[in-house]
Structures are given as structure tokens and as C-alpha cells.
Amino acid sequence: MKKDFVKTSRGWYSYEYPRAALTADNVIFGFDGQDLHILLVRRGVEPYKGKWALPGGFLRMNETIEECASRELKEETTLSNVYMKPVGVYSDLDRDPRGRIITSAFYALVRLTEVKGGDDADEALWVPLTQVPALAFDHDRILRDARQRLKEDIHFRPVGFQLLPEKFTMPQLQRLYEAILDVHFDRRNFMKKMLSVDILENTGEFEEVHGHRAAAYYSFNMERYRHLKSKSDFHLEF
């Protein structure tokens with residue numbers, strides 16, 4: 001069997017097993033006030049040149065997989081300082097035509113911001129979740145898994161912290177939850193539920209509308225949320 005040689009702090013080490021390559025892929029969700037969006041890049045190199053994919057790339061020997069995910073996201077989309085949570089590890093034998101490549105996937109929630117393609121990505125673009133084309137590699141599966149993880153997490157943390165502006169209306173918050181869970185809530189019941197959790201603060205301001213009743217602006221009280229989490233498990237049931 002052919003031996004691979006790996007350099008460590010103690011010198012060269014003879015490794016008798018073939019080594020797989022590692023990559024990190026990022027599922028970045030955004031919200032435009034009506035619909036969930038996903039951040040995609042158009043691949044500028046083979047394989048799948050010209051196809052849309054999740055931002056990501058190969059692990060370097062001097063970084064962790066989390067650092068790789070952050071670096072690749074910045075290089076391919078210019079997006080940085082994003083807090084990401086793991087989705088899972090994907091190791092199907094035929095998932096990448098370049099060889100034995102295992103990927104670790106992460107997801108994050110961010111407010112929509114301008115992005116630009118870079119490195120080996122010809123273009124970076126926010127795409128409505130309902131309009132996502134077939135993706136390269138096994139990224140369709142990764143996206144499905146990340147969306148399921150988001151649906152589960154929404155019951156345990158207020159995702160609006162990351163996806164909504166600092167001031168938002170109750171209809172905006174309701175639309176966000178409906179977009180994530182793919183359901184429709186009764187307006188009064190949703191408002192009653194969210195106010196009962198006691199993590200929203202009425203700002204005393206109202207949106208400017210003509211011919212309709214003005215909706216109040218709310219903001220999240222992160223201090224109160226942390227206090228609730230320290231006492232017991234935060235859990236929203238709809």
C-alpha cells in the first residue's frame with residue numbers, strides 16, 4: 001500500500017491509509033420582509049462550471065473546519081463575521097467527481113446585504129428559496145437538511161434577531177415565521193403568543209402607512225431573552 005507522509009510538529013509521520021480531502025459548505029439564509037432567500041454562487045471552474053452552488057471550498061492544513069467555512073464564505077461572496085451553526089457531515093462516495101471529498105456543512109441567518117462573487121465564484125446572488133435551481137454536487141440535499149434544522153431551531157431561539165431589522169412590525173415577524181415553517185398563522189393568535197414570551201419591546205413608534213391602520217414597531221430585548229434562557233429552556237410552540 002502506498003504511504004502518505006504528513007509533517008507534524010514532531011517531524012514527518014508515515015501514514016498508511018489514503019486521506020480524503022475535506023471541504024466546508026455554507027447555507028446562508030436571508031429575509032427580505034416577505035420571503036426567505038438563500039445565498040448562492042455561480043461556479044467559475046469545473047466541475048459543474050456555470051452551475052449554482054452553496055459557497056464553500058477546501059480546508060487548508062492550518063485552519064479548523066469552522067475557519068475554512070468563514071474564509072470561503074468571505075472569499076466567494078465578500079460576506080464576513082457570520083455566526084454559523086453545523087448542519088451535518090456529508091460523505092457519500094460519489095458526492096464529488098474530483099475524488100474522495102467529505103464536506104462539513106454549516107448554516108447561518110443574516111440580514112440581506114450586498115454580496116459579490118470572488119475567488120472561483122463568477123457571481124454571488126440572493127435567490128428566493130422558492131426559486132432555487134438544481135444545485136451542484138449534493139447541495140440540494142444539504143439545503144434541505146439546513147432548512148429542516150432551521151425549522152427545528154426556530155422553536156428554541158428567536159431567529160428574528162438575525163433576520164429582521166432592529167425595528168419591525170408584528171406582521172413582518174409573522175411573515176418570517178410563516179416563511180420558515182411554511183404555514184399560515186392567525187394574526188391575533190400569533191401576536192398573543194409572541195407577546196406572551198416577553199422578549200419583544202414596543203418601541204412606541206408606528207410605521208407610516210396611508211389608508212390603513214398603522215402597525216406598531218417592536219424590537220427584541222436580548223437581555224430578557226438571555227435571562228429566560230438562563231432560568232429554563234426557551235421553547236415556542238405554535
Side-chain angles (χ1 to χ4, degrees), residues 26-39 64 66-67 69-70 73-74 77 79-88 105-115 126 128-129 143-209 212-238:
N26 301 298
V27 184
I28 311 298
F29 293 105
F31 184 64
D32 67 354
Q34 285 296 318
D35 300 299
L36 270 183
H37 285 59
I38 190 75
L39 180 57
T64 66
E66 291 82 8
E67 289 169 342
S70 296
L73 180 62
K74 183 176 181 180
T77 71
L79 200 60
S80 61
N81 299 318
V82 174
Y83 172 70
M84 289 184 281
K85 296 185 65 176
V87 174
F106 298 85
Y107 92 90
L109 310 173
V110 303
R111 296 187 179 106
L112 287 184
T113 184
E114 185 178 352
V115 291
W126 289 104
L129 205 52
L143 175 55
R144 287 196 302 271
D145 290 350
R147 190 175 184 194
Q148 183 58 39
R149 180 64 58 87
L150 176 58
K151 285 182 177 181
E152 295 167 1
D153 286 351
I154 197 174
H155 295 287
F156 298 97
R157 61 192 183 100
V159 299
F161 276 128
Q162 290 86 22
L163 292 174
L164 290 171
E166 290 186 12
K167 296 187 301 182
F168 53 87
T169 65
M170 193 63 71
Q172 287 175 320
L173 182 62
Q174 179 175 336
R175 181 59 196 138
L176 171 61
Y177 274 73
E178 290 176 338
I180 292 174
L181 295 172
D182 197 24
V183 297
H184 178 72
F185 294 115
D186 175 78
R187 181 178 61 84
R188 293 180 185 275
N189 289 340
F190 180 84
M191 184 173 185
K192 182 179 179 181
K193 168 65 71 174
M194 295 307 301
L195 292 179
S196 70
V197 180
D198 200 30
I199 59 171
L200 298 182
E201 211 164 275
N202 193 320
T203 66
E205 302 175 52
F206 294 85
E207 67 174 344
E208 293 183 13
V209 294
H212 298 280
R213 184 179 177 182
Y217 277 117
Y218 292 86
S219 63
F220 283 108
N221 189 316
M222 182 62 87
E223 196 86 22
R224 205 174 296 156
Y225 167 66
R226 291 196 183 107
H227 179 65
L228 287 173
K229 286 288 285 185
S230 68
K231 291 171 54 179
S232 61
D233 288 336
F234 176 86
H235 192 203
L236 271 174
E237 280 293 348
F238 293 102

Listed partners of Phe168 passing ring-ring contact (aromatic ring centres under 6.0 Å, His included), at least two apart: Phe220
side-chain contact (heavy atoms from CB on, under 4.5 Å) involving Pro165 - partner list, sequence neighbours excluded: none
Side chain to side chain contact (heavy atoms under 4.5 Å, CB included) between Phe31 and Gln172, intermediate numbers included: CA-CA 10 Å; Phe31 184 64; Gln172 287 175 320; 5.6 Å; no
Euclidean distance, Leu163 CG relative to Leu109 CG, rounded to 0.5 Å: 4.5 Å
Test side chain to side chain contact (heavy atoms under 4.5 Å, CB included) applied to Arg149 and Val27, step by step: CA-CA 11 Å; Arg149 180 64 58 87; Val27 184; over 6 Å; no
Any residue meeting side-chain contact (heavy atoms from CB on, under 4.5 Å) with Glu223, in chain and number order, not counting sequence neighbours: Asn221
Minimum-distance pair of heavy atoms, taken over all atoms of Arg147 and Ala179: NH2-O, 3.1 Å
Leu200 and Leu173: CA distance, side-chain angles, deciding distance, side chain to side chain contact (heavy atoms under 4.5 Å, CB included) verdict: CA-CA 11 Å; Leu200 298 182; Leu173 182 62; 3.9 Å; yes
Single hit among Val82, Asn26, Leu73, Thr113 for side-chain contact (heavy atoms from CB on, under 4.5 Å) with Leu39: Leu73
Close side-chain approach of Leu129 to Asp35, heavy-atom, < 4.5 Å: no
With Glu178 via side-chain contact (heavy atoms from CB on, under 4.5 Å) - residues at least two apart: Gln174, Arg175, His184, Phe185
Under 3.5 Å: donor-acceptor pair, side chain of Arg111, backbone of Gly30: no
Reported CG-to-CD1 distance for the pair Leu181 and Ile154, which is rounded to 0.5 angstrom: 4.5 Å
Any side-chain heavy-atom pair of Tyr218 and Met194 under 4.5 Å: no
Donor-acceptor contact below 3.5 Å, side chain Thr203 vs main chain Tyr217: yes
Donor-acceptor pair, side chain of Ser196 and main chain of Lys193, under 3.5 angstrom: yes
Side-chain heavy atoms of Leu195 within contact of Met170, under 4.5 Å: yes
Criterion side chain to side chain contact (heavy atoms under 4.5 Å, CB included) on Gln162 and Phe29, from CA distance to verdict: CA-CA 10 Å; Gln162 290 86 22; Phe29 293 105; over 6 Å; no
Salt bridge (charged side-chain N to carboxylate O under 4.0 Å, His left out) involving Arg224 - partner list, sequence neighbours excluded: Asp198, Glu201
Trp126 side, atom CH2; His37 side, atom NE2 - distance, nearest 0.5 Å: 9.0 Å
Among Ile28, Asp153, Asp145, side-chain contact (heavy atoms from CB on, under 4.5 Å) partner for Tyr107: Asp153
Minimum-distance pair of heavy atoms, taken over all atoms of Tyr83 and Lys85: CE2-CG, 3.9 Å
CG on Leu150 to CD on Glu152, rounded to 0.5 Å: 9.5 Å
All side-chain contact (heavy atoms from CB on, under 4.5 Å) counterparts of Asn81, not counting sequence neighbours: none
